[in-house]
Amino acid sequence: MNEVFAAEHRISKKRRNVLAALAGLAVVGGGASAAVSASAGTAVTRPAPQVFTGRAFDTCTAPSLTTMNAWHASSPYKAAAVYIGGKNRGCSQPQLTAPWVKSVSASGWKLIPLYVGAQPPCQTGSSSEKMTASTAAKLGASDADAVAQAVKLGMKTGSPVYNDMKVFDLKNTSCKDAVITYTRAWDAGLHAKGYAAGFYGFTSSAATAVATASDRGSLTDTLWYAKWDGVNSTTSGYPFASNLWNKRQRGHQYAVNVKETYGKATLTIDRDAWAAPVAIVAK
């Protein structure tokens, strides 16, 4: 989901930033570091990911610590997505600071960082930054400043950042190709700095573009797909080949714009099923 796209997104495909949902919850971390290809001929060692499996939510603006504490104590959600940057990030983030990240993480929350960078050239909505066929690679590389935003918030190497891509016409080949070019450059930029690259998109457009692209090995490490079917799962009804992103590399946004109250604190959220990496936060 995007913040910059908050109002528009809620009408078309709502806030897609949510976090993960799945019955129960489990966090897996540690293990050996992974050597990943950051760019052609370059290997970078990236710490092993921290993986969360469970229920999560997102809302356009990071909630207050009071609300986060109330929800952690009484809601089924144990992870939350936060918009950490990008020229197309729409909502203000007065709460989203390094102390906030450290505090909510210490209380047990897992965080899913979202970045709203350049958007498709054929996207019909308003975006302050759009790519073109000729600028896609350059913008993808420069938008890898997502790492700098993550660092400012205390999110360490090995953390993922999820690239939030808006809806576009899949039949527009040049538009789709620009999105793939941008994504490859963005992913390479994150990998070069020891961060994992995630991707958020709708099954009607961006997620399918990535899932059906040639040479997927150089694309996203984790796929967060928006499919509003009400199914709280990353496997049941999975819209792509079962062998794609099948090693705890999936998030599924399955419901949007839901109002929920826990501990007398009310938020309007999106719901996700999650079985994928989350931020590794400095202690």
Side-chain angles (χ1 to χ4, degrees), residues 1-6 8-9 11-13 16-17 36-42 44 83-90 113-150 160-193 195-227 239-241 244-245 253:
M1 271 55 70
N2 303 324
E3 304 176 291
V4 155
F5 308 140
E8 176 186 349
H9 208 300
I11 295 173
S12 62
K13 295 262 178 185
R16 13 169 194 172
N17 310 317
V36 297
S37 174
S39 61
T42 303
V44 173
Y83 292 102
I84 68 169
K87 290 183 179 178
N88 284 311
R89 183 175 69 167
L114 273 161
Y115 184 89
V116 193
Q119 294 301 309
C122 60
Q123 181 236 329
T124 57
S126 59
S127 298
S128 59
E129 181 183 55
K130 286 187 180 182
M131 67 189 80
T132 65
S134 62
T135 64
K138 182 178 180 180
L139 286 173
S142 64
D143 280 353
D145 79 315
V147 168
Q149 306 308 316
V161 181
Y162 291 83
N163 178 18
D164 185 348
M165 192 64 63
K166 281 211 42 106
V167 177
F168 65 92
D169 183 2
L170 260 184
K171 296 188 295 295
N172 188 326
T173 302
S174 62
C175 188
K176 179 174 66 174
D177 289 347
V179 168
I180 296 301
T181 296
Y182 172 92
T183 302
R184 289 194 199 282
W186 192 82
D187 291 358
L190 266 66
H191 289 165
K193 297 175 183 177
Y195 284 72
F199 187 90
Y200 170 91
F202 291 92
T203 55
S204 62
S205 60
T208 294
V210 169
T212 58
S214 61
D215 187 20
R216 283 188 300 269
S218 63
L219 280 170
T220 181
D221 303 307
T222 302
L223 182 67
W224 181 1
Y225 62 97
K227 181 186 179 187
F240 307 116
L244 295 181
W245 298 287
Q253 185 183 68

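What you see is a predicted model; the values in this text were computed from it and never measured.
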Return the [atom1] to [atom2] distance between [X] and [Y], rounded to the nearest 0.5 Å.
X	Y	atom1	atom2	value
Thr212	Leu244	OG1	CG	10.0 Å
Leu219	Trp186	CG	CH2	12.0 Å
Thr132	Leu139	OG1	CG	7.5 Å
Gln119	Met165	CD	CE	5.5 Å

If only atom types and distance count, is the side chain of [X] paired as donor or acceptor with the main-chain N or O of [Y] below 3.5 Å?
X	Y	value
Arg216	Ala211	yes
Tyr182	Ala118	yes
Thr135	Met131	no

Taking side-chain hydrogen bond (donor to acceptor under 3.5 Å, both in side chains) as the definition, give me every residue that meets it alongside [X], ordered by chain and number, with sequence neighbours left out.
X	result
Ser174	Asn172
Tyr225	none
Thr203	none

Over all heavy atoms of both residues, which pair between [X] and [Y] is shortest? Give the atoms and the distance, please.
X	Y	result
Ala206	Lys166	CB-O, 4.4 Å
Val167	Phe202	CG2-CD1, 3.2 Å
Ile84	Ala150	CD1-N, 3.9 Å
Ala137	Ala185	O-CB, 3.4 Å
Phe168	Ala209	CZ-CB, 4.0 Å
Ala213	Ile180	CB-CD1, 4.0 Å

- Item | salt bridge (Lys or Arg N to Asp or Glu O under 4.0 Å) pairs, two or more places apart, involving residues 116-142 |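 Only Lys87-Glu129 qualify under salt bridge (Lys or Arg N to Asp or Glu O under 4.0 Å).
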
- What pairs with Asp177 under salt bridge (Lys or Arg N to Asp or Glu O under 4.0 Å), at least two apart in sequence or on another chain?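 Salt bridge (Lys or Arg N to Asp or Glu O under 4.0 Å) list for Asp177, sorted by chain: empty.
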
- Begin with the C-alpha distance, continue with both residues' side-chain angles, and end with the deciding distance and a verdict on side chain to side chain contact (heavy atoms under 4.5 Å, CB included) for Val147 and Val161. CA-CA 8 Å; Val147 168; Val161 181; 5.6 Å; no

- List the steps, then state whether side chain to side chain contact (heavy atoms under 4.5 Å, CB included) holds for Val210 with Trp245. CA-CA 11 Å; Val210 169; Trp245 298 287; 3.9 Å; yes

- Query: With sequence neighbours left out, what residues match Phe199 under ring pair (Phe, Tyr, Trp, His ring centres under 6.0 Å)?
  - Reply: none

- Task: Might you work through the side chain to side chain contact (heavy atoms under 4.5 Å, CB included) test for Phe240 and Thr208, ending with a clear yes or no?
- Result: CA-CA 8 Å; Phe240 307 116; Thr208 294; 3.5 Å; yes

- Query: Are the side chains of Asn163 and Thr220 in touch, meaning some heavy atoms are under 4.5 Å apart?
  - Reply: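 No; the side chains remain at least 4.5 Å from each other.
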
